[in-house]
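Structure record follows, encoded as structure tokens.
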There are 2 protein chains.
Amino acid sequence: MPSKKNLDVAEAEAEAEAASADVWSADCPSRRVLELIANKWALLLIPLLRGKPQRNNELLRKVGGISQKMLTQTLRDLELNGLVLREDHQTVPPHVDYRLSPLGLSLSRTLIAVDRWAEANHAQIDAARQEARK
Amino acid sequence: MPSKKNLDVAEAEAEAEAASADVWSADCPSRRVLELIANKWALLLIPLLRGKPQRNNELLRKVGGISQKMLTQTLRDLELNGLVLREDHQTVPPHVDYRLSPLGLSLSRTLIAVDRWAEANHAQIDAARQEARK
DNA sequence: CAGAATCCACCCGGATACTG
DNA sequence: CAGTATCCGGGTGGATTCTG
């Protein structure tokens, strides 16, 4: 296991925070973070934004079922909270790129595990629901 | 890295599923799984149910801000989908225990990482939001 | 203790039309 | 291309009351 020496200041602070923060407490600020990411569009968008910056239309096509309204709204929300960076190239026609901040990238590594779990285990979930319907 | 030999049949099947399933496709069954867990109460309850079976009132106290209605509704939903097992001891006064199924336990390992991330990084999120408000 | 049942205000999110 | 603006139906979820 890594020693304290391998942690930089920011990581050390984050670790200290984790010790005191408690998502199960209704008034803990960390609860707001949970509410920010506890929706399907955020769960799909954040992992999707790893890698190269992507444009509005690209994301609209890649995230099946999302509307322009929800895409914009979700991206704005994530941007406001420092997870996504919006880059407007100020050209005409417009060219806007979205990418993850370092903080967002960190989160994406956690959320992609959720997506993978859903993909890997949906058959068992479906089977359970079939069983319950009997 | 583990060889194929180390995977049992169920795990091999899950791996095969993951290769074909795609949460980003609106009509993929795995999307339903994502929608099942993409809400704050599920994200709080599932990791909380690791360890010993717990009772209604226990969960009601431990999950700050949840109402009896949402607790029951979420537990029923998770039970219907095979993630949670409900054990009614058929006594009077009533004694009902909730615990994770093996499938739910598997998921809890993924979701607890999300909760920990929220706890560890909420300060940076808060800072970003403060910055954006300027 | 563990809930079911009802009422209802809020807001989420889709559809549609418009803009620079 | 990358949005914004508006309308609006349906679902979410809190509060309250009742039950075995």
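FYI, side chains are in, hydrogens and waters are out, and symmetry mates aren't considered; it's all heavy atoms of this structure. Here is the naming used below: chain letters follow the sequence lines, and residue numbers restart at 1 for every chain. Please read these numbers as outputs of a predicted model, since none were measured by experiment.
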For this session: Could you point out which residue of B:L85, B:L75, B:L83, B:L78 forms a side chain to side chain contact (heavy atoms under 4.5 Å, CB included) with B:L49?
Result: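 It is B:L75; the other options fail the test.
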
Provide, to the nearest angstrom, the distance between the [atom1] atom belonging to [X] and the [atom2] atom belonging to [N].
{"X": "B:Q73", "N": "C:dA2", "atom1": "CD", "atom2": "P", "value": "19 Å"}
{"X": "A:L60", "N": "C:dG14", "atom1": "CG", "atom2": "C1'", "value": "13 Å"}
{"X": "B:D88", "N": "C:dC1", "atom1": "CG", "atom2": "C1'", "value": "11 Å"}
{"X": "B:H95", "N": "C:dA2", "atom1": "NE2", "atom2": "C1'", "value": "11 Å"}

Reckon [X] has a side-chain N or O less than 4.0 Å from the OP1 or OP2 of [N]?
{"X": "B:Y98", "N": "C:dC1", "answer": "no"}
{"X": "A:R55", "N": "D:dG3", "answer": "no"}
{"X": "B:T72", "N": "C:dG3", "answer": "no"}
{"X": "A:R61", "N": "D:dA2", "answer": "no"}
{"X": "B:R76", "N": "C:dA2", "answer": "no"}
{"X": "A:S67", "N": "C:dG13", "answer": "no"}
{"X": "A:N57", "N": "D:dC1", "answer": "yes"}

Problem set entry | Nucleotide of D:dC1, D:dT4, D:dG14 approaching A:Q68 most closely (side-chain heavy atoms) |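 My answer, after comparing the listed nucleotides, is D:dT4.
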
Problem set entry | Among D:dC1, D:dG14, D:dA2, the nucleotide that comes nearest once only the side chain of A:N56 is considered | D:dA2

Exercise. Would you say the side-chain atoms of B:S30 pair up with the backbone N or O of A:H122, donor to acceptor, closer than 3.5 Å?
Worked result: no

Exercise. Between A:R55 and A:E58, does at least one N-O distance fall below 4.0 Å, as a salt bridge requires?
Worked result: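 A:E58 and A:R55: not salt-bridged.
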
Exercise. For the hydrophobic clusters of this structure (ILVMFWY residues joined by side-chain heavy atoms under 4.5 Å, transitively), does one cluster hold both A:L71 and A:L48?
Worked result: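 Looking at the clustering, A:L48 is in the same group as A:L71.
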
Problem set entry | Hydrophobic cluster membership, B:W117 vs A:I112, 4.5 Å side-chain cutoff | no

Problem set entry | Which residue lies more 5' along DNA chain C, comparing A:P94 with A:K69 via nearest heavy atoms |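 Between the two, 5'-proximity favours A:K69.
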
Exercise. Pick the nucleotide of DNA chain C nearest each of B:V96 and A:M70; which residue has the one closer to the 5' end?
Worked result: B:V96

